[in-house]
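Just so you know, these numbers use all the heavy atoms, side chains as well, and skip hydrogens, waters and symmetry mates. Letters A, B, ... are given to chains in the order of the sequence lines, protein chains preceding strands, and every chain is numbered from 1. Just so you know, these numbers come straight off a predicted model, no measurement behind them.
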Amino acid sequence: MPYYDVSIPLKLKILTYYDERDEDLTGYAVKVPLKNRLCYGIVIEKRKEKPEEVESIKKIEKVLGWIYSKNFIDFLRWMSFYYICELGSIVRLTFFDELIAFLEGKTGKPRGSKHSKNRLIEKIAVNEQTLATILEAFKIRDYRAFLLHTPNVSYEKSLFLHIAEMVSFMEGQVLFILPEIREVESLYHSIVDRIGDKAVMLHSEMRTSEKLKSIERLMKENIKVIVGTRFALFTPTKNLSLIALSQESSWLYKAEEAPRYHTRESAIMRGFIEKCPVVLCDTMPSVSSFWNSTKGKFEYIDDFNRYPHPEILILKQPLSSIFHPEALLNLKLNKKEGVIIVSPRTGFSLLRCSECGEVIKCQGCGGSMLFHKEKNFTECKRCNSTEKTPEFCPTCGGAELHYVGTGTERLLEELKKTISDSDVILKDYSIDDEQIEGISITTSAKLKKSSVHIFKTAVFVDFDFFLSLPDYRALENAFSKVLSLCHLIRNDGNITIQTRNPENEFFRYLKSYDFKGFYHYELKHRRETLFPPFVRLIKIVLKTNKKNTTEKLDEIKNLIKEKTKADLIGPLGNRDESKFSYILRSQNKKELTEAVNNCIKWLRKMRGIEIVVEVDPANLKQ
DNA sequence: AGCACGCCGACT
DNA sequence: GTCGGCGTGCTC
């Protein structure tokens, strides 16, 4: 009797069923009994023997049809192993419900005629050599990985448009992934505008019936291009020949719900397993990707220098004023042509006690309190709480509090004082702004790589904020912030960065756009301090509802330590509270993943404890 | 004792 | 995800 291992898209282990047919049903969607109801699942493997520990095996109720290739299933298995989660949780990512609906004969509705106000993407010239290399890889249809260093995001989108046009008459399918839904929509419409009905779109804001329509068309029609956000990476395809990611370093590529996969790593593995080339694009490639290119895992293509970039000036942040005289002069000279001033924070400033030197902190979480001058209150951005502005230092009782740092509110106040001309427009920068004259003010959080050059000059105040963040990626993020700002500045313009520490080696690389110098500097530091890419980090979050005894918690800690033999950091978070976490670190990456997979099985056997695992965590706190 | 409710584990 | 088992606690 043939047996079949079936994965049901639930947090459930793989179950075995039997069927009279002795075919290989691997990759077939099936309907199977589970307890006293029927569920849909996917056959992941045929087996000759039934599993020993199970006495009764139920029969497959119905075989619906083939949907997944063996390679695709192998990719899903790798995801389940690498991200340490049930295969069912991965199958859930693969548009399984839509595929079942399609197999059951349901049809979707195309999106309404809501013609989005998205502008179509203008196609600019790209490096012919780069395009030829990618198309060659597409034709050969074997695994290769490219790290394409692009001059800006428009270049990436134009390249995608060029590729779409070229492949629309060729054999094979391409998958374009972009971080944001708006970008997906505009690229999709631009592609449809050029190649017609040979593309589908997939992103999380689409209605179920729209997603069903896309999947249906993918199954029935001759679709050449799939454009989507990160979850489109799990689209089952017939003939995948290229995967391309725009802005590979974007933090939006890290999924925030379980399974917390990273799109870049997953895309590389999908390409490797399904034997198709992968192109990672970015203007500021991640340190991890650069490392892979130095190890020969990725082929590095440098198109960054095909376009000129604005000059970067590093100036010392004065103690007594907000702007360096030279920055102020620059700002006054260029205000007609458009100036943008960037601060790391909204609000007015932080508050510091002149006596004890302590910055006012949040009582609850210990984050710095942001002072809003006009409305006179303080705010903790970390835990979203507000307080009255304190009159005395809560630490020492000191009566004198002074401002530290410069938020947008303070910038506005300062500029109103310094630039007295009545014709100067002062405004908050918005991404849709058409008008650029005058002085715009914004926070760094609003800067995106996908913006376009408009301003003549920029001043970045309080830049040290980015260098002091307690995150091992602080420097690469800081570098990346400046490049996002670059995109807003005309090529003949300039960017001034104010820092208390202009001698910092970091700025030497930044001002000359010396990426390689920066990466090597950063990698040296990561190697010494044992951070990725030299180690793998895995976070284990434990939630307990009952008051577990200290001995029990120690038992868990020892179990993890013993089973994984890795460096164990933690517990982080309060032990008295119900939620706390450990971070495991090891240079033997694969061994660590294997050990944690094994360890989790033991932990799940313990009662009253919920475990969440996060591989390559985005955040090392709590 | 009898029943309602909620948590937790199993599901092939 | 969903069902049922079982423990807790309240009521007749």
Checklist entry - Does any residue of residues 26-35 of chain A have a heavy atom under 4.0 Å from DNA chain C, and if so, which ones, in number order? => result A:L34, A:K35
Item to check | Sorted by number, the residues of residues 74-81 of chain A with heavy-atom contact under 4.0 Å to DNA chain C | outcome: none
Which pairs of donor and acceptor atoms, one on a side chain in residues 25-40 of chain A, lie under 3.5 Å apart (sequence neighbours left out)?
unit_1: A:T26; atom_1: OG1; unit_2: A:D24; atom_2: OD1; d: 2.5
unit_1: A:Y40; atom_1: OH; unit_2: A:E104; atom_2: OE2; d: 2.5

Checklist entry - Which residue pairs pass the ring pair (Phe, Tyr, Trp, His ring centres under 6.0 Å) test with at least one member in residues 237-278 of chain A, sequence neighbours excluded? => result A:Y143-A:F272, A:F234-A:Y261
Next on the checklist: Please list, in numerical order, the residues of residues 6-14 of chain A that have a heavy atom closer than 4.0 Å to any atom of DNA chain B.
Outcome noted: A:K11, A:L12, A:K13
To the nearest angstrom, how far is [X] atom [atom1] from [N] atom [atom2]?
X: A:E86; N: B:dC11; atom1: CD; atom2: P; value: 13 Å
X: A:E45; N: B:dT12; atom1: CD; atom2: C1'; value: 15 Å
X: A:E610; N: B:dC8; atom1: CD; atom2: P; value: 9 Å
X: A:Y40; N: C:dT2; atom1: OH; atom2: C1'; value: 16 Å
X: A:M1; N: B:dT12; atom1: CE; atom2: P; value: 17 Å
X: A:L603; N: B:dC8; atom1: CG; atom2: P; value: 17 Å
X: A:K543; N: B:dC7; atom1: NZ; atom2: P; value: 15 Å
X: A:L38; N: C:dG1; atom1: CG; atom2: P; value: 18 Å

Checklist entry - Parallel, tilted or perpendicular: which fits the ring planes of A:Y82 and A:W78, with parallel below 30° and perpendicular above 60°? => result parallel
Next on the checklist: Hydrogens and angles aside, do A:S80 and A:E86 bring a side-chain donor and acceptor to less than 3.5 Å of each other?
Outcome noted: no
Item to check | Backbone of A:P285 reached by a side-chain donor or acceptor of A:S289 within 3.5 Å | outcome: no
Checklist entry - Ignoring hydrogens and geometry, is there a side-chain-to-backbone donor-acceptor pair from A:D282 to A:S249 under 3.5 Å? => result yes
Item to check | Heavy atoms from other residues, nucleotides or ligands near CD of A:E257 exceed 12 (cutoff 6.0 Å) | outcome: yes
Checklist entry - Does NZ belonging to A:K62 count more than 12 external heavy atoms closer than 6.0 Å? => result no
Please list every donor-acceptor pair under 3.5 Å in which a side-chain atom of residues 588-600 of chain A meets a protein atom from a residue at least two apart or in another chain.
unit_1: A:K589; atom_1: NZ; unit_2: A:P533; atom_2: O; d: 2.6
unit_1: A:T593; atom_1: OG1; unit_2: A:R536; atom_2: NH1; d: 2.5
unit_1: A:T593; atom_1: OG1; unit_2: A:K589; atom_2: O; d: 3.3
unit_1: A:N597; atom_1: ND2; unit_2: A:F81; atom_2: O; d: 2.9
unit_1: A:N597; atom_1: ND2; unit_2: A:T593; atom_2: O; d: 3.2

Checklist entry - Are A:E256 and A:R230 ion-paired here, with the side-chain N under 4.0 Å from a carboxylate O? => result yes
Item to check | Check against salt bridge (charged side-chain N to carboxylate O under 4.0 Å, His left out), A:E49 and A:R47 | outcome: CA-CA 6 Å; A:E49 306 291 323; A:R47 47 148 81 212; over 6 Å; no
Checklist entry - With a 4.0 Å cut-off on heavy atoms, is A:N36 in touch with a base, just the backbone sugar-phosphate, or nothing at all? => result sugar-phosphate
